[in-house]
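Read through the structure below, which is laid out as structure tokens, and then see the notes.
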Number of protein chains: 2
Amino acid sequence: MEFNESRNIFLQIADWLCEQILQKKFAPGDRVPSVRELAEEMEVNRNTVMRTYSILQDQGILDNKRGIGFFVAEKAALKIHQRQKEAFLQQELPQLVHKVKLLQLSKDDLKPILNALKETTNEDQQ
Amino acid sequence: MEFNESRNIFLQIADWLCEQILQKKFAPGDRVPSVRELAEEMEVNRNTVMRTYSILQDQGILDNKRGIGFFVAEKAALKIHQRQKEAFLQQELPQLVHKVKLLQLSKDDLKPILNALKETTNEDQQ
DNA sequence: TTTAGTGTCATAATACACTATGACACTAAA
DNA sequence: TTTAGTGTCATAGTGTATTATGACACTAAA
């Protein structure tokens, strides 16, 4: 996997795993790859993956059965969703608006976003 | 100044200075605070500010007159603007759209953004 | 019981951001 | 010339992310 220099690797692996869960590639109760297994796949040290799994366990996203492996917790997706939604609305969105103002972007620049937003929000909600 | 743990300090100082320039708090030709001065103000080491100024010099945003100080380059704001706009449209926006999809945000969630975007983009453009 | 696969822990080594500090060259003004 | 303020560079120390590796406890299945 390719990592961004500006963010800790163990956090980027956590991001990746959370996204897999949100995309239902891992269901509640599923075993996730073993520490050694994922380390090899990501071309990263065991300890780094261990650190990722530890923090996800602390956050109630993974459960741990010693000698067997780590498992996706029951309400993992819900917790990830809540955590990310809160961070998104309270931190990222305000920064986005601020940046758009500062960059004085034109309507044309923003069209792709606005369209994408409409598409994704029109379907489910009333 | 308060720093975010997840991004290098010298980059956060660069971000701050670029924002000052974009907000016209520093005009082209203006001298920016000396390395020692800004270091004290930011409660940071001289070398850290030196590193910030060095990269901004490499990017053509600051000019350097040895023994005198660092100065805002002529087209500094333009360069910052171009750099940030490109990064925004090519990296941040796609990630944003992806996240909105993943989080399945409702219209109500997005209202604040959309309104803010309309306000800022309606004025200047045709 | 043995074996292979789990997680867990400890240690040492490397890399890098940041700090602390001193010394030096350059510039402008007293 | 002297002085004070610039940038510049070198050195050493600290903290932490990451790697590398070995050893050990636990579990399930052969």
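Proteins get letters first, then strands, A, B, ... in listed order; numbering begins at 1 in each.
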What pair of heavy atoms forms the shortest contact from [X] to [Y], and how long is it?
X: B:A73; Y: B:G60; value: CB-O, 3.3 Å
X: B:P33; Y: B:L38; value: CB-CB, 4.0 Å
X: A:Q12; Y: A:M1; value: O-CE, 4.1 Å
X: A:N64; Y: A:Q57; value: CB-NE2, 3.4 Å

Earlier contact from the 5' end, DNA chain D, for A:L11 and B:V35: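 On the 5' side of the pair lies B:V35.
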
Where each residue is assigned the nucleotide of DNA chain D containing its nearest heavy atom, which of A:R46 and A:N8 is assigned the position nearer the 5′ end?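 Taking each residue's closest nucleotide, the earlier one in sequence belongs to A:N8.
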
Cation-pi check, B:K65 onto B:F70 ring (under 6.0 Å, within 45° of axis):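 No, B:K65 does not sit over the ring of B:F70.
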
Between atom [atom1] in [X] and atom [atom2] in [N], what is the gap in whole Å?
X: B:M50; N: D:dT11; atom1: CE; atom2: P; result: 17 Å
X: A:I9; N: D:dT16; atom1: CD1; atom2: C1'; result: 13 Å
X: A:F10; N: D:dT19; atom1: CZ; atom2: C1'; result: 15 Å
X: A:F3; N: D:dT18; atom1: CZ; atom2: P; result: 9 Å

So [X], base contact, sugar-phosphate only, or nothing? Heavy-atom distance under 4.0 Å.
X: A:N64; result: sugar-phosphate
X: A:E37; result: sugar-phosphate
X: A:R7; result: nothing

Can you find a side-chain donor-acceptor pair between B:E19 and A:H98 that sits under 3.5 Å?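 Present: a donor and an acceptor within the cut-off.
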
Pairing of DNA chain C as dot-bracket, 5' to 3': ( ) intra-strand, [ ] crossing, | other strand, . unpaired, with Watson-Crick or G-U pairs under 3.5 Å? ||||||||||||||||||||||||||||||

Is B:V44 close to B:V49 at the side-chain level, that is, under 4.5 Å between some pair of heavy atoms?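 Yes. Closest side-chain heavy atoms under 4.5 Å.
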
Test item: A:F26 and A:C18 side chains (from C-beta on) under 4.5 Å apart, heavy atoms: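 A:F26 vs A:C18: side chains apart.
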
Between which nucleotides of DNA chain C, 5' to 3', does chain A make heavy-atom contacts below 4.0 Å?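 Reading along DNA chain C, I get C:dG5 to C:dA10.
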
Regarding B:D109 and A:K85, does a basic nitrogen lie under 4.0 Å from an acidic carboxylate oxygen?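 Salt bridge between B:D109 and A:K85, a charged N being under 4.0 Å from a carboxylate O: yes.
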
State plainly whether the residues A:E40 and A:R46 are in salt-bridge range, i.e. N to O under 4.0 Å.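 Answer for the salt bridge query: no.
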
Residues within residues 66-73 of chain A bordering DNA chain C, heavy-atom distance below 4.0 Å: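 Within residues 66-73 of chain A, the residues near DNA chain C are A:R66, A:G67, A:I68, A:G69, A:F70.
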
First of B:V44 and B:R36 reached from the 5' end of DNA chain C, by closest nucleotide: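 The residue whose closest nucleotide sits nearer the 5' end is B:V44.
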
Report the distance from atom CG of B:L22 to atom NZ of A:K99, rounding to the nearest 0.5 Å.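 If I round to the nearest 0.5 Å, the distance is 10.5 Å.
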
